[in-house]
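Worksheet for the structure shown next.
None of these values were measured; they are calculated from a predicted model.
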Amino acid sequence: MTQCIKCGLPASYQGISLNAQGVCNFCSFFEEEKERLLDEEALEEQFQGIIRRAKEEAAARNAKYDCLVGLSGGKDSTYIIYQLKHTYGMRVLAFTLDNGFSTEYGRKNIENALAKLDVDHIRIAVNETQLRTLYSKSVKLLHNFCSVCFHLMHYYSFQIAAWNQIPLIVNGRTKGQILQSAAGKRGIEPFEASHSLKEFEYQMFGKLVDKLDGYSCLDLLPDVNAEAVSYFAYHDISEEETMEFLEEKIGWTRPENKVKHADCWAHAMAEKMSLEKHGYPIRTGELAVLVRYGKLSREEAETILQEDREQFSEIAPEIRERFENRIRL
């Protein structure tokens, strides 16, 4: 299998191109911008500027909150809310989207987080018929359903921000998620922040967003403006450090057996669909970013991906049946 000689991404990876030396376009972009991406002091200063502007804008609007954060019950969103409130002095509104795939583990962590973090919180439940329609169509047309969760999460974040005059939305996307397909600066933090739903979703869907803009199948809220930033684009903290911090501060509970995405019971189906459609696990691009940062070797990343392939190559019949029943109209 042909791979990038630096990060190990396969030549079949979406959007990839290899130069004559066997280096992918994503590694080339990283090398060109490495000085900026690795300057932690400058990144923190940039983030503090974002926080400062949000507070000023919220005060000018007489808004009750400075920022909005989606809370899933996972470590990243919980950690972000804690830091925004206690380190940066932000007035935080948290919200949770009920997408039909939440686990008991996720729900308990949300309850605990809200009790300990002491922030206001709202829950969004999408019309059941609309939710099933979106999931079933996405699976049929794209062999994927995570894009629906992504869109709904950020669609409602911009809606809620507009309803409450909130100037800033902070999400928990990691450096791996942000940079996994970055071959240019458009829509990529820390080079560009998003100020609309269309700008934000370009990071996930690329030129497809331009093609769908204006069609009834995708409402991009053209009249809603808010700055959307990813906390971890400006902060370098490992998964282990995040979990240890939350365990100490709020008694956060780790998932049993190191289960990935323990707040979503359908994650195994998403992995299976990725293997069937693309031939590689979901976090292939994310691990390649960690290799570029020097946090993993190519061999370590490949070992993790091989474990994912083995784990998700076959799905328990009860999980598949539960999923099909969940999205069926």
With sequence neighbours excluded, give me every salt bridge (Lys or Arg N to Asp or Glu O under 4.0 Å) pair touching [range].
range	value
residues 227-239	Arg53-Glu227, Asp236-Lys295, Glu239-Lys260
residues 277-290	Arg283-Asp308
residues 130-140	Glu128-Arg132
residues 62-71	Lys64-Asp120, Asp66-Arg91

[X]: which residues meet the salt bridge (charged side-chain N to carboxylate O under 4.0 Å, His left out) condition with it, sequence neighbours left out?
X	result
Arg107	Glu104
Lys272	Glu276
Glu321	none
Lys34	Glu31

Next on the checklist: Could you work out, with side chain to side chain contact (heavy atoms under 4.5 Å, CB included) as the rule, every residue matching Ser28, not counting sequence neighbours?
Outcome noted: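 Checked Ser28 against side chain to side chain contact (heavy atoms under 4.5 Å, CB included); matches are Asn19, Val23.
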Checklist entry - With sequence neighbours left out, what residues match Arg254 under side chain to side chain contact (heavy atoms under 4.5 Å, CB included)? => result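 Side chain to side chain contact (heavy atoms under 4.5 Å, CB included) list for Arg254, sorted by chain: Glu240, Met243, Glu244, Glu247, Trp252.
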Any side-chain heavy atom of [X] within less than 4.5 Å of one from [Y]?
X	Y	value
Ile237	Tyr79	yes
Phe191	Arg36	yes
Asp76	Thr174	yes
Leu197	Val224	no
Val170	Leu168	yes
Ile160	Ile122	yes

Checklist entry - For Phe29 and Ala182, which heavy atoms make the closest approach, and how far apart are they? => result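 Looking at all heavy atoms of both residues, the shortest contact is CD2-O, 3.3 Å.
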Next on the checklist: Enumerate the ring-ring contact (aromatic ring centres under 6.0 Å, His included) contacts for residues 272-298, please, sequence neighbours excluded, ordered by first and then second residue.
Outcome noted: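 Sorted pair list: Tyr13-Tyr280, Phe30-Tyr293, His278-Tyr280.
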Checklist entry - How are the rings of His235 and Tyr231 set to each other: parallel, tilted or perpendicular (split at 30° and 60°)? => result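 Because their plane-to-plane angle is under 30°, the rings of His235 and Tyr231 count as parallel.
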Item to check | Aromatic ring pairing His267/Phe312, orientation class (parallel under 30°, perpendicular over 60°, tilted between) | outcome: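 Answer is perpendicular, since the angle exceeds 60°.
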Checklist entry - Using the benzene-type ring in the case of Trp, are the ring centres of Phe150 and Phe200 under 6.0 Å apart? => result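 Yes, the ring centres sit under 6.0 Å apart.
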Item to check | Within the 6.0 Å centroid threshold, strictly below: Phe95 and His121 | outcome: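 Aromatic pair excluded; centres sit 6.0 Å or further apart.
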Next on the checklist: For Arg173, is there an ion pair with Glu189 - N to carboxylate O distance below 4.0 angstrom?
Outcome noted: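 No, this pair does not count.
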Item to check | Salt-bridge present (Arg61, Glu57; N to O < 4.0 Å) | outcome: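 Yes.
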Next on the checklist: Pair Arg322, Asn325 - check side-chain hydrogen bond (donor to acceptor under 3.5 Å, both in side chains), show working.
Outcome noted: CA-CA 5 Å; Arg322 183 183 179 188; Asn325 288 336; over 6 Å; no
Any link between [X] and [Y] through a network of hydrophobic side chains (Ile, Leu, Val, Met, Phe, Trp, Tyr) touching at under 4.5 Å?
X	Y	answer
Val148	Tyr156	yes
Leu84	Leu68	no
Tyr135	Ile315	yes
Tyr82	Phe47	yes
Leu38	Leu290	no

Closer than 3.5 angstrom, by distance alone: can the side chain of [X] be matched with the main-chain N or O of [Y] as a donor-acceptor pair?
X	Y	value
Gln180	Thr284	no
Ser230	Ala233	no
Asn109	Asn112	no

Is the number of heavy atoms from other residues, nucleotides or ligands within 6.0 Å of [atom1] ([X]) greater than 12?
X	atom1	value
Glu314	CD	no
Asn127	CG	yes
Glu310	CD	yes

Checklist entry - Who passes side chain to side chain donor-acceptor pair (under 3.5 Å) against Thr2, sequence neighbours left out? => result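 For Thr2, no residue satisfies side chain to side chain donor-acceptor pair (under 3.5 Å) once neighbours in sequence are set aside.
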Item to check | Residues Glu40, Glu44; criterion side-chain contact (heavy atoms from CB on, under 4.5 Å); working and verdict | outcome: CA-CA 6 Å; Glu40 294 183 25; Glu44 175 60 31; over 6 Å; no
Next on the checklist: Can you see whether Ser72 engages Asp263 through a side-chain donor-acceptor pair at a distance of less than 3.5 angstrom?
Outcome noted: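 Yes.
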Item to check | Any donor-acceptor N or O pair under 3.5 Å, side chains Glu241, Ser238 | outcome: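 Yes, a side-chain donor-acceptor pair sits under 3.5 Å.
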Item to check | Full working for side-chain hydrogen bond (donor to acceptor under 3.5 Å, both in side chains) between Glu307 and Gln311 | outcome: CA-CA 6 Å; Glu307 291 173 354; Gln311 180 179 356; over 6 Å; no
Next on the checklist: Could you walk me through whether Ile169 and Val229 satisfy the side-chain contact (heavy atoms from CB on, under 4.5 Å) test, starting with their C-alpha distance in whole Å, then the side-chain angles of each, then the deciding distance to 0.1 Å, before giving a yes or no?
Outcome noted: CA-CA 6 Å; Ile169 302 165; Val229 300; over 6 Å; no
Item to check | Glu271 vs Ser274, side-chain hydrogen bond (donor to acceptor under 3.5 Å, both in side chains): CA-CA, chis, key distance, verdict | outcome: CA-CA 5 Å; Glu271 289 281 4; Ser274 179; 5.3 Å; no
Next on the checklist: Run Leu221 and Tyr155 through side-chain contact (heavy atoms from CB on, under 4.5 Å) and show every step you take.
Outcome noted: CA-CA 8 Å; Leu221 303 174; Tyr155 172 85; 3.5 Å; yes
Checklist entry - When you look at Val69 and Val119, which way does the side-chain contact (heavy atoms from CB on, under 4.5 Å) test go after all the steps? => result CA-CA 11 Å; Val69 182; Val119 295; over 6 Å; no
